[in-house]
Amino acid sequence: MSAREKASPDVTFDPDREIAPDRALVPAVMKLNEQRVDEGFWPKMRRVAAKVPFAKEALSVWYCAKDDDTPLAAKGMMLAALAYFVLPVDAIPDVIVGLGYTDDAAVFTALMAIIGRNLKPKHKQAAEADIERLRGE
């Protein structure tokens, strides 16, 4: 059966492709984003925590996304933002000094405006402790 013959031909995902924001809450996409985040978040955070000004916010979002009390819709958007941060495919490649993380920062800024009320003090406190440890403060 070819992709055109499938009942839902758009359910095939390439983990190296950009994430389509309009599909962030599709269950299969959420599962893929969660897998991407589980595999790539901590290795990347360890590498860039000292360089990325929004590292604490990213960690807060990670803790919130892992919290069972976080609503599913918010969790889906958080996983999409975290997966975008982890993926090597970016609107602006992360290796470009000075500009590389501006698109990621914009994604987190928009995310915080939409779902920021879901971030609890416990998420922020855990992120603060981790960022201090990662940055060696």
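Keep in mind it's a predicted model, so treat the numbers as computed, not measured.
- The side-chain hydrogen bond (donor to acceptor under 3.5 Å, both in side chains) check on Asn118 picks up nothing, with sequence neighbours excluded.
- Under the rule for a side-chain contact (heavy atoms from CB on, under 4.5 Å), Arg117 has no partner lying at least two apart in sequence or in another chain.
- Between Asn33 and Ala80, the closest heavy-atom pair is ND2-CA, 3.6 Å.
- Of all heavy-atom pairs between Ala126 and Tyr63, the closest is CB-CE1, 3.6 Å.
- Taking CG from Leu87 and CZ from Arg36, the interatomic distance works out to 4.5 Å, rounded to the nearest 0.5 Å.
- Annotation: side-chain contact (heavy atoms from CB on, under 4.5 Å) contacts of Gln125 (sequence neighbours excluded): Pro121.
- Put simply, the side chain of Val107 does not reach to within 4.5 Å of the side chain of Tyr101, judged on heavy atoms.
- Lys122 is linked by a side-chain hydrogen bond (donor to acceptor under 3.5 Å, both in side chains) to Asp67, counting only residues two or more places apart in sequence or in another chain.
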What donor-acceptor contacts under 3.5 angstrom involve side-chain atoms of residues 48-58, with partners at least two apart or in another chain?
from  : atom 1 : to     : atom 2 : distance (Å)
Lys56 : NZ     : Glu128 : OE1    : 2.9

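- With rounding to the nearest 0.5 Å, the separation of CG in Leu59 from CE in Met45 is 4.0 Å.
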Next on the checklist: Let's go through Val61 and His123 carefully: what are the C-alpha distance in whole Å and the side-chain angles of both, what is the deciding distance for side chain to side chain contact (heavy atoms under 4.5 Å, CB included) to 0.1 Å, and is it a yes or a no?
Outcome noted: CA-CA 8 Å; Val61 168; His123 305 136; over 6 Å; no
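- Rounding to the nearest 0.5 Å places CZ of Arg133 at 7.0 Å from CZ of Arg46.
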Checklist entry - What's the verdict on salt bridge (charged side-chain N to carboxylate O under 4.0 Å, His left out) for Asp69 and Lys75, showing C-alpha distance, side-chain angles and the deciding distance? => result CA-CA 10 Å; Asp69 294 334; Lys75 193 175 285 201; over 6 Å; no
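- Closest approach of Val37 and Ala83 over heavy atoms only: CG2-N, 3.5 Å.
- In this structure, Asp130 and Trp42 have side chains that are in contact, with non-hydrogen atoms separated by less than 4.5 Å.
- In this view, Lys31 satisfies the side-chain contact (heavy atoms from CB on, under 4.5 Å) rule with no residue, not counting sequence neighbours.
- Annotation for Phe41 and Leu82: closest pair CE1-CD2, 3.7 Å, computed over non-hydrogen atoms.
- Although no hydrogens or angles enter the test, the distance criterion places a donor-acceptor pair under 3.5 Å between the side chain of Thr70 and the main chain of Cys64.
- A donor-acceptor contact closer than 3.5 angstrom links the side chains of Asp103 and Tyr84.
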